[in-house]
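The structure appears below as structure tokens.
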Amino acid sequence: MQETLAIIKPDAVKKKSVGKIIDRILQAGFIVVAAKTINLTQAQAEGFYAVHRDKPFFANLIRFMCETPIWVMILSKENAIEEYRELMGSTDPQEAASGTLRRDFAETITRNAVHGSDSRDSAYREIAFFFSESERIAAS
Ligand code: GDP
């Protein structure tokens, strides 16, 4: 079993898509190992997306991620990182395959509904960024 960090972003929260997205995640066979809502501070959002600090879209991305509380989850499944990236679809919802979360729940490349770790190193870092061991609610 492998773990990945998933986020439901403010655009999907505002559109009341959280329940539908979690249902799709569960139907796809992922186990939710930990989950919570959190209202990111600007500093937290900047820390989480530090790798994009120099990108032209950074300021917009940070403002967007702080619009509402987000939902963060640790998901577990065999090959979870790649499988959840597949379930999410391409970063730009216009390019995302049909049946993916971004195609079905997002509109623009910034406001793209969901996040998922892109590598083992990112998953490790991102899970530790949001969760302590005591916050795990299910065996992975
Ligand atoms: P992800 O792993 O598919 O989420 O994509 P990245 O790690 O490359 O980017 C992180 C987030 O920054 C994306 O999910 C988008 O919300 C945003 N983003 C990435 N690329 C662009 C871009 O070219 N333009 C804009 N406006 N936002 C972007």
Side-chain angles (χ1 to χ4, degrees):
M1 288 295 218
Q2 187 180 61
E3 291 183 349
T4 192
L5 191 279
I7 301 179
I8 304 178
K9 296 183 178 183
D11 57 323
V13 173
K14 280 184 177 169
K15 287 194 276 184
K16 304 191 193 303
S17 300
V18 172
K20 292 181 206 121
I21 290 173
I22 292 176
D23 190 47
R24 294 268 287 262
I25 289 170
L26 295 175
Q27 294 301 325
F30 292 89
I31 295 167
V32 179
V33 175
K36 63 183 171 186
T37 60
I38 177 170
N39 208 339
L40 286 180
T41 63
Q42 184 173 330
Q44 280 175 311
E46 288 174 352
F48 185 75
Y49 279 122
V51 64
H52 294 305
R53 197 183 304 114
D54 299 326
K55 304 271 175 60
F57 58 79
F58 185 68
N60 263 345
L61 176 62
I62 298 311
R63 207 173 310 119
F64 162 58
M65 288 301 289
C66 297
E67 277 180 20
T68 68
I70 56 172
W71 290 59
V72 287
M73 290 173 281
I74 303 174
L75 305 180
S76 172
K77 193 181 186 212
E78 245 172 66
N79 203 21
I81 295 168
E82 197 182 319
E83 293 220 357
Y84 185 62
R85 297 284 301 182
E86 263 173 42
L87 181 63
M88 286 199 304
S90 300
T91 307
D92 184 348
Q94 312 292 336
E95 289 171 10
S98 63
T100 61
L101 297 175
R102 281 170 167 165
R103 178 63 171 268
D104 292 346
F105 295 103
E107 274 146 37
T108 68
I109 193 164
T110 299
R111 307 177 76 83
N112 61 0
V114 284
H115 166 87
S117 309
D118 65 3
S119 66
R120 281 169 179 269
D121 284 353
S122 312
Y124 186 80
R125 180 186 77 82
E126 293 174 359
I127 287 170
F129 187 93
F130 283 114
F131 291 100
S132 62
E133 281 300 311
S134 63
E135 288 177 294
R136 288 168 180 267
I137 53 177
S140 59

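Just so you know, ligand 1 is whichever comes first in the structure, and atom 1 is the first atom listed for that ligand. Keep in mind it's a predicted model, so treat the numbers as computed, not measured. All residue numbers in this chain count up from 1 along the given sequence.
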Checklist line | Close approach of Arg102 to ligand 1, heavy atoms, under 4.0 angstrom | finding: yes

Checklist line | Single-linkage hydrophobic cluster, 4.5 Å side-chain cutoff, Leu40 and Ile7 together | finding: yes

Notebook entry, point to check: Once the angle between the rings of Phe48 and His115 is folded into 0 to 90°, is it parallel (under 30°), tilted (30 to 60°) or perpendicular (over 60°)?
Noted result: perpendicular

Notebook entry, point to check: Looking at Asn112, which atoms of ligand 1 are within less than 4.0 Å of one of its heavy atoms?
Noted result: 13 (C), 14 (O), 15 (C), 16 (O)

Note to self: I'd like to know if Asp104 and Lys20 make a salt bridge, using a cut-off of under 4.0 Å between side-chain N and carboxylate O.
What the structure shows: no

Next item on the list: For residues Val114 and Phe105, determine if any side-chain heavy atom of one lies less than 4.5 Å from a side-chain heavy atom of the other.
Entry: no

Margin query: Heavy atoms only, cut-off 4.0 Å: how does Arg85 contact ligand 1, side chain, backbone, both, or neither?
Written below: side chain

Note to self: Below a 4.0 angstrom heavy-atom separation, can you tell me which part of His52, side chain or backbone, both or neither, approaches ligand 1?
What the structure shows: side chain

Check: Who's closest to atom 11 (C) of ligand 1 heavy-atom-wise, of Ile7, Thr108, Leu61?
Finding: Leu61

Next item on the list: Kindly confirm or rule out an N or O of Tyr49 lying under 3.5 angstrom from an N or O of ligand 1.
Entry: no

Item checked: Nitrogen or oxygen of Ile109 less than 3.5 angstrom from that of ligand 1 -> yes

Next item on the list: Rounded to the nearest 0.5 Å, what's the gap from CG on Asp118 to OG1 on Thr4? Could you check?
Entry: 8.5 Å

Next item on the list: State whether the shortest distance between N or O atoms of His115 and N or O atoms of ligand 1 falls below 3.5 angstrom.
Entry: no

Note to self: Return the closest protein heavy atom for atom 5 (O) of ligand 1 as residue, atom name and distance.
What the structure shows: Thr91 OG1, 3.4 Å

Checklist line | atom 26 (N) of ligand 1: the protein heavy-atom neighbour that sits closest, reported with distance to 0.1 Å | finding: Thr110 OG1, 2.7 Å

Notebook entry, point to check: Is Glu82 atom CD crowded by more than 12 heavy atoms from other residues, nucleotides or ligands, each under 6.0 Å away?
Noted result: no

Note to self: Asp118 versus ligand 1: do any nitrogen or oxygen atoms come within less than 3.5 Å of each other?
What the structure shows: no

Note to self: Is the terminal nitrogen or CZ of Lys77 (NZ for Lys, CZ for Arg) located under 6.0 angstrom from the six-membered ring centre of Tyr84 and within 45° of that ring's axis?
What the structure shows: no

Notebook entry, point to check: With backbone taken as N, CA, C and O and side chain as the heavy atoms from C-beta onward, which portion of Lys9 lies under 4.0 Å from ligand 1: side chain, backbone, both, or neither?
Noted result: side chain

Check: Of all the non-hydrogen atoms in the protein, which one sits nearest to atom 19 (C) of ligand 1, and at what distance?
Finding: Phe57 CZ, 3.5 Å

Check: If you measure from CG on Asp92 to CD on Glu107, what distance do you get to the nearest 0.5 Å?
Finding: 12.0 Å

Item checked: Side-chain donor-acceptor contact under 3.5 Å, Ser134 with Ser132 -> yes

